[in-house]
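Below is one structure, written out as structure tokens; comments come after it.
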Amino acid sequence: MGLLEDLKERIVIADGAMGTLLYSHGVDRCFEELNLSKPDDIVHIHEAYITAGAEVIQTNTYGANYIKLARYGLEDEVQSINRAAVRLAKQAAENRAYVLGTIGGLRSINKSAITLEEVKRTFREQLYALLHEDVDGVLLETYYDLEELKTVLSIARKETKRPIIAHVTLHDIGVLQDGTPLSKALTELEQLGADVVGLNCRLGPYHMIRSLEEVPLPKTAFLSAYPNASLPDYRDGRLVYETNEDYFQETALSFRAQGVRLIGGCCGTTPKHIEAMAKALIDRTPVLKKEIKQRQTALVVSSPEPTTEPPLQDIVSKRRSVIVELDPPKKLGIAKFLEGAKALKEANIDALTLADNSLATPRISNVALGTIVKQQVGMRPLIHITCRDRNLIGLQSHLMGLHTLGMTDVLAVTGDPSKIGDFPGATSVYDLSSFDLIQLIRQFNEGLSYSGQPLGQKTNFSIAAAFNPNVRYLEKAVERLEKKVQCGAHYFISQPLYSEQKIEEVYEATKHLEAPIYIGIMPLTSARNADFLHHEVPGITLSDDIRARMNACANDPIQSAKEGIAIAKSLIDAAFDLFHGIYLITPFLRYEMTVELVHYIHEKERLSSERKVLHG
């Protein structure tokens with residue numbers, strides 16, 4: 001008899017968490033490395049689960065892959081750690097339990113952090129090590145990203161005929177993070193060859209059972225469930241799970257009612273939880289049919305009112321457009337900022353862009369200033385959003401707040417790392433990359449949260465993305481633009497350019513793109529300013545000629561400002577006939593410099609229009 005034959009006849013009990021027990025004993029290093037340094041501890045945990053009633057145990061290899069082991073300098077130990085883990089599990093099992101080789105998911109909320117090619121390469125290395133030791137089956141667990149799970153499942157199915165258990169992990173009830181309903185995801189996994197499909201981690205029994213209520217019994221595969229003990233509490237720097245084993249005994253019958261054939265535990269569970277489930281399921285007879293609850297999806301409606309102004313991507317596609325960045329102040333008090341905003345409003349710009357703590361330096365909230373600009377100055381604010389300062393929860397709350405305030409113009413950027421700013425010890429979050437953030441905003445425009453749950457309304461964000469052309473290989477930067485368009489970007493705003501030749505190169509490299517580009521131009525204020533930008537600010541490069549021009553007037557502040565304006569005007573001249581969009585960046589709140597450049601652009605546009613009329 002094998003595992004699949006047993007599952008055909010009855011419910012099978014699996015083990016619980018390995019890491020929870022190690023963690024409870026004060027282990028705070030790589031759990032998988034203990035297969036080599038503390039083998040007896042691993043064997044004892046396996047034995048405890050078998051004694052509790054587990055008929056299936058999993059190897060201590062959840063994170064035993066190249067990418068995760070590299071965090072501990074153990075990337076060369078993938079083979080030895082995985083193979084040792086199987087041998088330890090078999091030693092404990094002594095033919096009393098099946099041994100599953102466990103491979104955990106790599107991607108979580110930041111999909112773009114690991115490419116599918118990296119996933120494939122890493123997965124194959126770990127899979128081959130486990131198969132070499134002749135595991136009884138393969139357990140693919142804690143996969144938030146369905147694309148990743150389908151990719152590795154396809155590989156595993158081609159490599160082995162052993163049973164494969166494929167587990168997705170949910171943020172929310174009944175739906176994956178990309179919006180795929182759980183029932184649809186499990187059907188797809190079954191069709192790709194998984195022998196057992198189901199859920200593990202993140203959810204406790206209550207929400208996992210509710211999710212399974214919407215899932216029909218598979219046609220050829222079996223259902224499985226490995227719930228967490230509960231939602232964790234955070235005490236004294238440690239995660240604590242409080243659900244007692246009596247609750248697991250009660251819920252085990254509910255899992256059986258949902259058609260679960262393989263049942264175990266995940267984070268927070270111990271041998272006591274497994275013993276309780278085994279006790280509740282003394283009668284291992286599985287259900288052969290169940291009633292399916294239809295998922296009631298909340299209504300998604302369009303935004304209550306369309307925006308009164310056309311989006312910037314439409315404006316710049318049809319006519320000359322000028323937007324200006326005016327940095328929020330580093331200190332309290334906004335009198336000069338408002339003075340500048342009003343002057344730029346009078347100069348007739350299309351939007352005032354507000355950075356999000358640029359250079360990782362704390363400033364007055366750009367949302368607060370955007371609200372004031374919108375309400376008191378009557379000008380369109382374009383709000384920058386970085387991935388640095390907010391986790392996934394904060395980013396979604398931030399977007400909902402912007403929508404509620406009626407601010408629909410946003411620029412999605414990664415954000416400078418905190419170590420370059422005023423507080424280098426501060427944490428850089430980076431739950432998402434700029435690509436992921438763009439996709440999230442697009443998903444909001446479809447009326448869905450990150451977890452796929454309806455928001456109740458569709459947002460109508462106009463999504464700008466950043467473009468850094470100051471790189472050695474411009475074609476690589478353009479590939480990033482193309483990827484950002486695929487993610488949902490509507491138009492681009494570039495880093496400042498300080499070379500007329502570079503502006504022409506950018507035009508030739510990007511003219512195939514349908515998404516318009518605002519070319520960044522920032523007037524220099526002094527030779528020191530020029531040197532700082534060139535040497536120390538990421539993404540900005542100055543030509544030797546421009547630095548020489550600024551050095552020539554290094555001791556004359558007035559002449560330096562004039563020279564900075566002259567250089568900016570020559571750059572505007574170079575960009576004028578190539579790009580409809582100009583993005584002016586105000587240095588040090590010296591708005592009079594950008595006002596002069598705005599007037600210069602409008603005058604060039606007026607003269608250009610007159611010439612066109614004359615030449616009819």
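A donor-acceptor pair under 3.5 Å is absent between the side-chain atoms of N200 and the main chain of E141, judged by distance alone. One N or O on the side chain of H44 and one on the backbone of D40 form a donor-acceptor pair closer than 3.5 Å. Between the side chain of Y144 and the backbone N or O of R107, no donor-acceptor pair lies under 3.5 Å. Remark: side-chain polar atoms of H490 are paired, donor with acceptor, to backbone N or O of I463 under 3.5 angstrom.
Side-chain contact between C30 and L69 is present, with heavy atoms from C-beta onward closer than 4.5 Å. Side-chain contact check for Y62 versus E32: some heavy-atom pair is nearer than 4.5 Å.
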I'd like to know whether Y128 forms a side-chain contact (heavy atoms from CB on, under 4.5 Å) with E159, so could you lay out the CA-CA distance, the side-chain angles of the two residues, the decisive distance to 0.1 Å, and finally the verdict. CA-CA 9 Å; Y128 296 156; E159 295 294 336; 3.3 Å; yes
Tell me, with the steps shown, if K219 and E190 meet side-chain contact (heavy atoms from CB on, under 4.5 Å). CA-CA 8 Å; K219 294 179 180 179; E190 181 183 15; 3.7 Å; yes
Trace of the side-chain contact (heavy atoms from CB on, under 4.5 Å) decision for V135 with L131: CA-CA 6 Å; V135 289; L131 294 179; 4.3 Å; yes
May I have the step-by-step check of side-chain contact (heavy atoms from CB on, under 4.5 Å) for S211 and L199, ending in yes or no? CA-CA 9 Å; S211 296; L199 296 165; 4.2 Å; yes
Apply salt bridge (Lys or Arg N to Asp or Glu O under 4.0 Å) to residues E33 and K38 and explain how you reach the verdict. CA-CA 8 Å; E33 186 276 335; K38 298 283 187 180; over 6 Å; no
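Under 4.0 Å is where a charged nitrogen must lie from a carboxylate oxygen, and between R162 and D134 at least one such pair does. Looking at E133 and K90, no side-chain N of the basic residue comes within less than 4.0 Å of a carboxylate O on the acidic one, giving no salt bridge. Salt-bridge annotation for K272 and D246: absent, with no side-chain N of the basic residue lying under 4.0 Å from a carboxylate O of the acidic one. Using a cutoff of 4.0 Å between basic side-chain nitrogens and carboxylate oxygens, E188 and K150 are scored as salt-bridged. Between K279 and E245 there is no salt bridge, since no side-chain N of the basic residue sits under 4.0 Å from a carboxylate O of the acidic one. A salt bridge does not link K120 to E148: none of the charged side-chain nitrogens sits closer than 4.0 Å to a carboxylate oxygen. Ion pair E213/R210 not flagged as a salt bridge, since none of the NZ, NE, NH1 or NH2 atoms sits closer than 4.0 Å to an Asp/Glu carboxylate oxygen.
Rounded to the nearest 0.5 angstrom, Y226 OH and F255 CZ are separated by 12.0 Å. Atom CZ of R284 is separated from atom CD of E9 by 14.0 Å, given to the nearest 0.5 angstrom. Here the straight-line distance linking atom CG of D195 with atom CD1 of I164 works out to 6.5 Å at 0.5 Å rounding. To the nearest 0.5 angstrom, K68 atom NZ is 9.0 Å from Q126 atom CD. Distance check, rounded to the nearest 0.5 Å: CD of E291 to NZ of K293 gives 8.0 Å. Atom CG of L149 sits about 11.5 Å away from atom CG of L106, to the nearest 0.5 Å.
With ring centers used as reference points, Y143 lies 6.0 Å or more from H167. A ring-centre distance under 6.0 Å is not found for H403 and F444.
For the pair K484 and F492, the cation-pi criterion (under 6.0 Å, within 45° of the ring axis) is not fulfilled.
Side-chain contact check for S449 and Q443: no donor-acceptor pair (N or O, by modelled atom type) lies under 3.5 Å.
Evaluated for a side chain to side chain donor-acceptor pair (under 3.5 Å) with N445, the options T408, N460, T459 yield exactly one hit, T459.
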